[in-house]
Each structure stands twice: as C-alpha cells, then as structure tokens.
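Here's the structure we're looking at; comments come further down.
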Amino acid sequence: YKNPHYAAGRTTMVHLFEWKWDDIAAECERFLGPRGFGGIQISPPNENLIIWSRQRPWWERYQPISYRLVTRSGNEAQFTNMVRRCNTAGVRIYVDAIINHMTGTWNENTGTGGSTANFGQWSYPAVPYGRNDFNFPHCVISANDYRCCPDRVRNCELSGLKDLNQGTAYVRTQLVNYMNRLISLGVAGFRIDAAKHMWPGDLRVIYDRLNNLNTAHGFPSGARPYIYQEVIDLGGEAISRNEYTPLAAVTEFKYGMELSRAFQRNNQLRWLHNWGVGWGLLASNDALNFIDNHDNQRGHGAGGNILTYKQAKQYKGAIAFMLAHPHGWPQLMSSFAFTNTEAGPPMDNSGNIISPSINSDQSCGNGWVCEHRWRQIFSMVAFRNRVGNTALTNWWDNGGNQIAFCRGNQGFVAFNNEIWNLSQTLQTCLPAGNYCDVISGTKSGNNCTGKRITVGSDGRASIVLGANDYDMVLAIHAGPESRL
Ligand code: LAG
Ligand code: CA
C-alpha cells in the first residue's frame with residue numbers, strides 16, 4: 001500500500017482542492033500530464049450534506065450522506081470520464097475517503113445527490129445505515145482525550161460527526177464496496193481521512209479486502225492501491241503514527257511544520273543538513289510529505305504558522321526544498337483564494353462551483369490560486385523527476401540561512417534566506433556547460449528568460465541570489481528544461 005504507482009519518471013502529486021471533475025480532466029491533458037505531475041488528490045467524490053445555513057463551506061464535503069458519486073465536483077459519469085482521461089495522460093487519481101463518520105446533526109438534511117437522512121435516528125437510507133452501524137454509547141471527543149484515551153478518540157464523535165463502527169461486518173462491507181467501486185473506475189489509491197479515529201485492526205481488514213488496481217487503466221497486475229492515512233502526530237498524544245505505518249503510508253505533518261519554521265527564519269536553514277529521519281520524520285517510504293494541506297492552511301486540523309500561498313516567497317522556498325530533497329513522497333497544495341477560513345470555493349448564487357479560468361501567462365483566475373501552475377513550483381516538479389533517486393551530496397552552507405546541495409550529477413539547488421546577498425562559487429556536480437535557472441525564468445530556445453549559469457569543467461559555477469531577488473531559490477538540472 002506504499003507505492004503510488006505513478007507512471008514512469010513521475011514523483012509528485014497535487015491536491016486540487018474542490019476542483020470539478022471536468023476541470024481536472026482538462027487540467028490533466030493540458031497541464032499536469034505534459035508537465036510530468038504524477039497524480040492528484042481529489043476532494044471527496046461521495047454525496048455530502050448541503051449546508052446553506054453556513055453559505056456552503058468547504059467543510060460540508062467532510063459530511064457524507066451516502067456513497068453515491070454526486071457532489072458539487074460532478075456526477076458519476078463525469079468522475080468516470082475524469083479518471084480515464086487523467087490515467088491516459090499519465091496522471092493518477094487518489095480519492096479522499098471519508099470512512100470514519102457520516103454527517104453531524106443539522107436542520108438541513110439534503111445531500112448533493114438529493115438523498116436525505118434522519119440524523120436523530122442515525123438513519124442514512126441511501127447507504128443504508130442505521131443505529132446499529134454507529135459506535136455506542138454516543139460521546140464526543142474532547143481535547144483531553146487525545147492525551148489520555150485512545151478508545152475515546154476512536155469510538156466517540158469527531159466534531160459531532162456520527163461515528164461509524166468499522167468493527168462490524170456490515171459497515172466494513174459498505175466501505176469496501178465503495179472503495180472497490182472507485183478502484184474499478186481506475187483510481188490509484190486513497191487518502192484515509194481521520195485515520196487516527198479508527199482502529200488500526202479494522203483498517204487492516206478493510207485494506208486487505210480492497211481489489212488490485214484496474215489493469216485496464218494501465219496499472220501492472222497485482223498492484224495494490226496506494227494508501228496514505230491522515231494521522232496528525234506532532235508528538236505527545238496517546239495515539240502514535242507508528243500504529244499506522246505497519247499498515248500503509250502516513251501523512252507527515254512534521255514536514256511542513258518544521259520547514260515552515262525554518263523558512264520563516266525561526267530556525268536556520270543550515271540545520272536542514274540532516275533533514276529526514278534525523279529530524280524525527282517518518283521513514284522515507286512511509287511519508288506523504290507536504291507544506292500545507294486544506295486544513296492547516298486555514299488553521300483547521302494541526303493548524304498554526306504553516307506557510308501558504310499568502311507568504312509566497314517563503315512558501316516557494318519551502319516547496320523547492322521539499323521537491324529538491326530526496327526524503328518521502330511530496331504532495332503539493334492547489335488552493336482557491338480565501339480570507340474567510342470557512343468559505344467554500346468560488347461559486348455562483350445557486351452554489352455551483354465556478355471553474356478556474358486560465359490566463360495567458362498560464363496562471364489561474366476566477367478566485368483560484370493554482371500554486372501548481374507557479375513556474376517556481378512546476379519547474380521543481382520537473383527537477384525532482386529528473387534527479388530521481390540520486391543521492392544528496394555536496395551540502396554547503398554559510399553557517400546560517402544560505403544553503404546549497406547537489407542531487408547526484410543531475411541537479412543543483414541553492415537557497416538564500418538571509419537579509420544579505422549570496423554570492424559564491426559553488427560545486428554544482430553538473431557537467432560543464434550552460435544552464436538556465438528554472439526559478440527566475442525558463443529556457444527559451446538558446447536563451448534563458450531568467451539567470452544563466454555557466455558550469456566549468458571542475459563542476460563549479462558562480463551563484464548569485466540577491467536578498468531582494470523575487471525568489472530565494474536557484475535551481476539548475478541536466479534535463480531539457482534547464483540545460484542549454
Ligand atoms: C479531517 N481529517 O481528519 C479533515 O481533513 C477535516 O477537514 C475534517 O474537518 C475532519 N477530518 C472530518 O472529516 C472539517 C472541518 C470541521 C468540520 C468537519 C465536518 O475542519 O470544522 O466540522 O469538516 O464538516 C463542522 C463544524 C463543526 C461541527 C461539525 C459537525 O465546523 O462545528 O460540529 O461540522 O456538523
Ligand atoms: Ca471513529
């Protein structure tokens with residue numbers, strides 16, 4: 001369950017938060033496929049409660065009302081079409097699977113597919129679920145439970161969301177059927193929402209009943225779905241992520257927390273010389289790494305001081321470090337712009353999601369940030385694909401916030417997070433020749449629209465990163481996007 005089954009040479013997935021299926025299919029064909037992205041985490045595809053009383057917040061999608069594939073992102077036909085077109089473009093689809101719970105109790109009770117529920121009776125006829133399918137006696141998780149009481153964290157309600165009992169044969173079968181239906185449609189795996197709130201033993205049974213990936217969508221025979229379990233473990237809790245790594249991969253929340261600290265200059269970049277398990281991170285193959293996710297970019301979940309698109313220069317620095325560093329499997333966030341942390345995606349008066357528009361410079365409009373379309377970010381996806389499994393070598397630092405390193409003889413990257421300039425002759429490990437920095441610009445014919453770097457026969461090059469440059473990163477590599 002720890003292999004994402006990316007198409008050959010791809011390494012990185014992006015969370016297209018709240019995107020519509022038709023738009024994702026188009027994005028696979030026009031951008032993600034050609035640019036070498038490996039996959040997409042999509043928003044939950046199953047029917048959720050419509051919450052007009054809160055202006056259709058983004059979090060209504062974490063309130064399942066059935067497993068019918070009808071949401072604001074699209075219907076089953078659109079979903080099927082998206083998965084097929086993305087797989088054809090070499091881009092895998094990973095589903096955010098909400099299997100810990102159903103909705104909370106609201107006065108509204110209609111789902112995005114027209115299904116209704118009777119919350120007071122724990123009744124979800126469109127599945128169907130009834131009282132016996134939920135944990136009993138009913139209780140709600142309190143903050144202290146995370147320190148004392150694993151049983152309460154798993155058997156009580158998370159934010160008042162009706163807590164399914166994954167210990168019963170019936171519930172397991174509903175969940176397995178839902179996930180197997182998605183596998184048959186060609187998805188490559190799952191984010192397991194709220195995994196900490198389910199018993200590892202129950203999850204193991206569910207995972208082991210999943211089918212192999214669908215060979216008709218290009219997966220090798222016998223391939224198991226990629227599973228990354230959302231477990232927030234920053235230390236000090238009764239439940240440890242180590243209970244989940246024997247099952248499948250786990251979301252590495254420490255990754256973005258520590259890099260956010262460092263790139264906000266609350267820690268020095270030089271300490272990143274042993275970034276990885278030396279910092280208490282998960283083993284590389286167990287880790288789904290990211291800077292921000294849909295929760296902590298807006299102060300939900302593990303929250304707090306995480307870099308996002310709003311602090312763009314530092315954010316791009318942290319993302320570039322993640323993509324240049326060999327540890328783990330990286331995930332990028334692609335957001336809609338927000339000031340109100342509850343607000344849902346751009347929508348019209350009827351609640352329909354408004355598609356991102358694509359500007360002439362490749363960026364998005366209509367309220368979509370599309371971080372994955374920022375040159376500094378998509379160029380580093382190509383960098384990571386190029387350097388592959390090569391080792392990190394030739395670490396250099398200035399004893400503070402200027403660092404640089406090589407990836408084999410395939411790539412070189414430098415960072416300047418000081419308030420003074422970086423100007424050094426550094427070992428790039430690359431073959432002699434001319435290269436375009438893929439951060440300050442792109443290669444255009446035989447020219448660079450940004451910085452041009454000349455590597456000598458000794459592999460060394462003059463590297464300049466001004467404190468006031470637009471970006472704090474410089475990256476060159478042996479691939480066609482950089483080498484002249
Ligand atoms: C997750 N991971 O474990 C998701 O990443 C996270 O986004 C989900 O919470 C959570 N688990 C449940 O799937 C989000 C919001 C919550 C929201 C919840 C359900 O962060 O704030 O709760 O989705 O929509 C909301 C209200 C609560 C209310 C609850 C129940 O904010 O006040 O009690 O709904 O109706
Ligand atoms: Ca639970």
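No donor-acceptor distance shorter than 3.5 angstrom exists from the side chain of D471 to the backbone of V473, with no hydrogens or angles considered. Remark: side-chain polar atoms of D458 are paired, donor with acceptor, to backbone N or O of R460 under 3.5 angstrom. When atom types are taken as modelled, the side chain of R452 and the backbone of N434 share no donor-acceptor pair closer than 3.5 angstrom. With hydrogens and angles disregarded, a donor-acceptor distance shorter than 3.5 Å links the side chain of S379 to the backbone of V438. Panel note: side chain Y309, backbone V369; no donor-acceptor pair is recorded below 3.5 Å. Judged by distance alone, the side chain of N416 and the main-chain N or O of M472 form no donor-acceptor pair under 3.5 Å. Judged by distance alone, with hydrogens and angles left aside, the side-chain atoms of K196 form a donor-acceptor pair with the main-chain N or O of I232 at under 3.5 Å. Checking side-chain atoms of N100 against main-chain N and O of A194 turns up no donor-acceptor pair under 3.5 Å. Checked by atom type and distance alone, the side chain of S260 pairs as donor or acceptor with a backbone atom of L307 at under 3.5 Å.
Under the ring-ring contact (aromatic ring centres under 6.0 Å, His included) criterion, Y6 pairs with W329, not counting sequence neighbours. With sequence neighbours left out, the side-chain hydrogen bond (donor to acceptor under 3.5 Å, both in side chains) criterion links S334 to H372. A search for ring-ring contact (aromatic ring centres under 6.0 Å, His included) contacts involving Y1 returns Y207, not counting sequence neighbours. The side chain to side chain contact (heavy atoms under 4.5 Å, CB included) check on S423 picks up V464, with sequence neighbours excluded. In terms of the side chain to side chain contact (heavy atoms under 4.5 Å, CB included) criterion, residue partners of T71 (sequence neighbours excluded) are, by chain and number, W21, N48, R61, S73, T112. Take R84 and apply the salt bridge (Lys or Arg N to Asp or Glu O under 4.0 Å) test, not counting sequence neighbours, and it matches no residue. The side-chain hydrogen bond (donor to acceptor under 3.5 Å, both in side chains) search around E29 returns R85, not counting sequence neighbours. Applying the ring-ring contact (aromatic ring centres under 6.0 Å, His included) test to H294 and every residue at least two apart in sequence or in another chain returns H15, F17, W58, Y62. Applying the ring-ring contact (aromatic ring centres under 6.0 Å, His included) criterion to F378, with sequence neighbours excluded, gives F31.
Residues P356 and W19 share a closest heavy-atom pair of CG-CH2, 3.7 Å. When all heavy atoms of I183 and P225 are compared, the closest pair comes out as CD1-CG, 4.0 Å. A pairwise comparison of heavy atoms in C86 and A25 identifies SG-CA, 4.1 Å as the closest pair. For R56 against E60, the heavy-atom pair with the smallest separation is NH2-OE2, 2.6 Å.
By the 6.0 Å and 45° rule, R298 stacks over the aromatic ring of F338. A cation-pi contact, defined as under 6.0 Å to the ring centre and within 45° of the axis, is absent between K313 and F263.
A donor atom on one side chain and an acceptor atom on the other are not found under 3.5 Å apart for D292 and T308. R224 and N212 share a side-chain donor-acceptor pair at under 3.5 Å. Counting only N and O atoms by type, the side chains of R92 and N87 include a donor and acceptor under 3.5 Å apart. Between the side chains of N398 and E418, at least one donor-acceptor pair of N or O atoms lies under 3.5 Å. With no hydrogens or angles considered, no side-chain donor-acceptor pair links N289 and E252 at under 3.5 Å. Under the 3.5 Å distance criterion, with hydrogens and angles disregarded, no donor-acceptor pair is assigned to the side chains of Q268 and N401.
The aromatic rings of W279 and W275 sit perpendicular to each other, their planes meeting at more than 60°, with 30° as the lower class boundary. Classified by interplanar angle (parallel below 30°, tilted 30° to 60°, perpendicular above 60°), the ring pair Y255/H327 is parallel.
No more than 12 heavy atoms of other residues, nucleotides or ligands lie within 6.0 Å of CG in N446, so this atom counts as exposed by the packing criterion.
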Without placing hydrogens or testing angles, list every side-chain donor-acceptor pair under 3.5 Å for residues 388-396, not counting sequence neighbours.
| residue | atom | partner | partner atom | Å |
| --- | --- | --- | --- | --- |
| T390 | OG1 | V387 | O | 2.8 |
| W395 | NE1 | D397 | OD2 | 2.9 |

Name each donor-acceptor pair under 3.5 Å that joins a side chain in residues 474-484 to protein atoms two or more places apart or in another chain, with its distance.
| residue | atom | partner | partner atom | Å |
| --- | --- | --- | --- | --- |
| H477 | ND1 | G479 | N | 3.0 |
| S482 | OG | C436 | O | 2.8 |
| S482 | OG | H477 | N | 3.1 |
| S482 | OG | H477 | O | 3.4 |

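With rounding to the nearest 0.5 angstrom, the CG atom of D348 is 4.0 Å from the CG atom of N352. Between the CG atom in N180 and the CG atom in N211 there is a gap of 3.5 Å [rounded to 0.5 Å]. Distance check, rounded to the nearest 0.5 Å: CE of M380 to NZ of K316 gives 13.0 Å. How far CG of N46 is from CZ of F79: 10.0 Å, rounded to the nearest 0.5 Å. Rounding to the nearest 0.5 angstrom, the gap separating the CD1 atom in I291 from the CG atom in L332 is 9.0 Å. Expressed to the nearest 0.5 Å, how far CD of Q362 lies from SG of C370 amounts to 11.0 Å.
Each ring-ring contact (aromatic ring centres under 6.0 Å, His included) pair with one or both residues in residues 432-476, not counting sequence neighbours, would appear here, but there are none.
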Run the numbers on D22 and K20 for salt bridge (charged side-chain N to carboxylate O under 4.0 Å, His left out), then give the verdict.
CA-CA 6 Å; D22 289 349; K20 291 186 286 186; over 6 Å; no
From CA spacing to verdict: side chain to side chain donor-acceptor pair (under 3.5 Å), N385, T11
CA-CA 6 Å; N385 291 345; T11 60; 2.7 Å; yes
CA sep, side-chain torsions, deciding dist, call: V250, D286, side-chain contact (heavy atoms from CB on, under 4.5 Å):
CA-CA 6 Å; V250 168; D286 288 348; 5.8 Å; no
From CA spacing to verdict: side-chain contact (heavy atoms from CB on, under 4.5 Å), R373, E27
CA-CA 10 Å; R373 280 177 167 266; E27 191 71 349; 2.8 Å; yes
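Note: F405 and F412 fail the aromatic proximity criterion, with ring centroids not under 6.0 Å apart.
Tested against D193 for a side chain to side chain contact (heavy atoms under 4.5 Å, CB included), the candidates I99, L158, D96 yield a single pass: D96.
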